[in-house]
Amino acid sequence: MALRTEELMLNMGPQHPSTHGVLRMVVTLDGENVVDVQPDIGYLHSSVEKMMENRTYLQNIALVDRGMDYLSAMANEEVWVLACERLGKIEVPERARYIRTIMLELQRISSHLIWLGTFGIDLGAFTAFLWAMRERERIMDLFESATGGRLHHVYFRIGGVFEDLPEGWTDRCEEFCDYFLDRLPEYDELLTGNPIFLARTQGVGVLPLDTAIAMGASGPVARASGLAYDVRKAHPYEVYERVEFDIPVRSEGDCYARYLVRLEEMRQSVRIIRQCLERLPAGEIRSKVAVTLRLPKGEVYARTESPRGDLGIYLVSDGADRPYRVKIRAPAFSNLYALTEMMRGWKVADVIAILGSIDIVLSDVDR
Amino acid sequence: MPTEPQYVPRSQVLPLDKALEVIDALPGGGVILTKVEEVLNWGRAASVWPLTFGLACCAIEMMQAYATRFDMDRMGIIPRATPRQADCIIVAGRATIKIAPIVRRLWEQMPEPKYVISMGSCATCGGPFYYDNYSILKGIDQVIPVDVYVPGWPPRPEALIEGLLNLQDKIKKEPFLRRRIARAAAAATQA
Ligand code: SF4
């Protein structure tokens with residue numbers, strides 16, 4: 001006769017070193033096996049969508065930095081200014097477009113580095129965290145000298161960017177690209193070939209392609225399951241249609257595939273940055289836009305590829321100087337809901353690895 | 001050869017090299033005079049163990065402060081994952097009304113003596129989420145007492161380090177033992 005055990009409810013979080021913020025997971029266990037996982041969100045709900053209705057279009061740039069995904073402030077700014085520009089039919093000078101693309105890709109690298117570091121900690125590899133932070137500090141320096149902020153930049157403006165790049169910035173950026181490509185093989189040595197790392201990630205938390213699509217997963221999570229979809233290719237914005245880059249796709253759908261996809265994305269980001277630096281044109285950085293901008297009546301949906309996936313903003317304007325309604329489509333929110341599917345049937349120790357591999361930011365989930 | 005006796009300020013913890021000089025100067029042995037309380041406080045100030053509890057964006061700067069460039073370990077500041085081992089909580093980021101009771105409970109779970117650092121303008125006063133907002137707590141000091149406020153949006157890692165150094169100064173000056181004895185005496189008279 002098979003041994004029967006009683007089901008146990010385990011509460012993970014909101015204060016847990018590996019929930020990456022304030023997420024609570026109610027895990028139902030049968031022995032050591034996960035039967036069900038219910039994520040409980042809302043611990044960081046900052047009512048951003050409502051607040052945006054009370055601020056002008058310009059003021060909202062500062063708000064989307066903080067209120068949405070704080071690991072990729074530039075990506076939030078991008079989707080917001082893109083929505084405003086599309087609705088108002090505002091031209092963006094060439095130089096500003098290139099600068100924006102460079103910034104977005106730097107942001108993607110820095111966000112993936114945070115993910116790499118925390119994923120390493122989750123699996124007990126502390127060195128990865130220290131190394132990733134070392135590289136990230138260099139990106140922070142680049143950001144700081146160009147925008148004045150380390151984490152929240154408020155750099156993009158409707159119709160351009162705030163200021164031109166400081167002198168020598170492009171050289172330093174170039175230098176960083178070389179340095180970073182030098183460093184990436186170190187991560188391969190540290191993690192990719194590490195037997196403990198492989199045992200904890202390979203084949204763990206598989207997300208089949210059809211489930212990924214049904215759950216609305218996007219970004220590296222979906223690409224690791226074999227969905228070759230990237231907003232930068234499918235609906236190009238800024239200068240993405242003019243630069244060459246590949247979209248890494250894996251078919252396994254496990255934690256290891258998600259790791260490899262992100263690692264390769266960082267390489268591709270460097271490739272994009274290099275091309276942009278090479279072609280960076282001279283000229284204006286901002287077209288003339290009134291501070292008290294009034295967008296025409298109408299609605300628009302803008303989507304971009306943030307480091308976490310398909311980030312969209314639906315903007316409704318009634319002709320006033322502030323939006324009538326804003327809806328944010330957060331990639332981390334949809335990715336979080338694929339979590340239950342990934343975790344079912346795995347051991348309780350794998351819960352941490354799987355949660356770490358989808359790279360959620362609670363501020364993006366709750367908004 | 002007798003050396004000149006040096007002026008030694010009373011009740012002060014000397015750095016090691018200075019202390020060795022004094023020991024040599026003392027006739028017939030090595031004695032450093034200080035107060036028990038100050039030695040205790042010196043030790044406590046050099047081992048502040050904060051709870052890792054990141055709420056929002058400020059937590060990323062807190063992580064940077066622990067990591068490579070800023071390396072808070074060198075000041076004896078080592079993050080702990082459970083409130084039972086921590087003696088300081090860094091509230092890094094905005095707290096919602098939903099998380100506030102949990103912050104309070106974490107604080108209650110920490111053993112005495114305990115300290116609170118409020119990092120960033122959100123934790124201090126609600127920051128950008130002060131107006132038109134229905135879900136964010138307007139300052140963490142509404143639920144737990146704060147010792148050090150670190151301003152900034154987000155504060156740079158340097159600012160957080162400064163805040164922790166201020167906390168260390170505060171710990172060094174505390175009448176830690178006297179307060180304890182007074183409390184024990186009060187309990188004894190009551191019983
Ligand atoms: S103070 Fe600024 S950086 Fe810190 S949590 Fe608030 S919005 Fe984020």
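In what follows, chains are A, B, ... by sequence order, proteins preceding strands, each numbered from 1. Values reported hereafter were calculated over all heavy atoms of this structure, with side chains retained and with hydrogens, waters and symmetry mates removed.
Contacts between B:P83 and chain A at a heavy-atom distance below 4.5 Å involve the side chain alone, from C-beta outward. Only the side chain of B:I60 comes within less than 4.5 Å of a heavy atom in chain A; its backbone stays farther off. Of the two parts of A:R134, the backbone and the side chain both hold a non-hydrogen atom closer than 4.5 Å to a non-hydrogen atom of chain B. For B:A56, the parts sitting under 4.5 Å from any heavy atom of chain A are the backbone and the side chain alike. Contact annotation for B:L51: only side-chain heavy atoms (C-beta onward) come within less than 4.5 Å of a heavy atom of chain A. In this structure, chain B has no heavy atom under 4.5 Å from any part of A:E135. B:I102 touches chain A through its side chain: at least one heavy atom from C-beta onward sits under 4.5 Å away, while N, CA, C and O do not. Of the atoms belonging to B:F70, it is side-chain heavy atoms, and not backbone ones, that fall under 4.5 Å from chain A.
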Test side chain to side chain contact (heavy atoms under 4.5 Å, CB included) applied to B:I99 and A:L44, step by step:
CA-CA 8 Å; B:I99 197 91; A:L44 200 58; over 6 Å; no

Test salt bridge (charged side-chain N to carboxylate O under 4.0 Å, His left out) applied to A:D366 and B:K98, step by step
CA-CA 12 Å; A:D366 295 342; B:K98 187 172 178 182; over 6 Å; no

Stepwise, does the side chain to side chain donor-acceptor pair (under 3.5 Å) test hold for B:T68 with A:R136?
CA-CA 10 Å; B:T68 317; A:R136 192 168 186 273; over 6 Å; no

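For the pair B:M63/A:F129, a side-chain contact is recorded, criterion being any heavy-atom separation below 4.5 Å from C-beta on. Side-chain contact check for A:D141 versus B:R69: some heavy-atom pair is nearer than 4.5 Å. Looking only at side-chain heavy atoms (C-beta outward), B:R94 and A:S363 come within less than 4.5 Å of each other. In this structure the side chain of A:E53 never reaches within 4.5 angstrom of the side chain of B:D132, judged on heavy atoms. Looking at B:P128 and A:M51, their side chains never come closer than 4.5 Å, going by heavy atoms from C-beta outward.
Residues A:S46 and B:N133 come closest through the heavy atom pair O-ND2, 3.0 Å. Annotation for B:A67 and A:L130: closest pair CA-CD2, 4.1 Å, computed over non-hydrogen atoms. Counting all heavy atoms, side chain and backbone alike, A:Y43 lies closest to B:T96 at O-OG1, 2.6 Å. Across all non-hydrogen atoms, the minimal contact from B:E61 to A:L151 is CG-CD2, 4.1 Å. Contact detail for A:H45 and B:Y134: the closest heavy-atom pair is NE2-OH, 2.9 Å.
Note that the OG atom of B:S135 and the NZ atom of A:K50 stand 12.5 Å from one another [nearest 0.5 Å]. Taking CE from A:M140 and CD from B:Q64, the interatomic distance works out to 6.0 Å, rounded to the nearest 0.5 Å. Distance SG/B:C57 to CE/A:M68: 12.5 Å, rounded to 0.5 Å.
Counting heavy-atom neighbours within 6.0 Å of A:Y324 OH, excluding the residue itself, gives a total of 12 or less. By the 6.0 Å contact criterion, CZ on B:R105 is open, its count of non-hydrogen atoms from other residues, nucleotides or ligands being 12 or less. The number of heavy-atom neighbours closer than 6.0 Å to CD of B:E162, taken from other residues, nucleotides and ligands shown, is 12 or below.
Of the residues considered (A:E137, A:M133, A:H152), A:E137 shows the highest number of contacts with chain B, using heavy-atom pairs under 4.5 Å.
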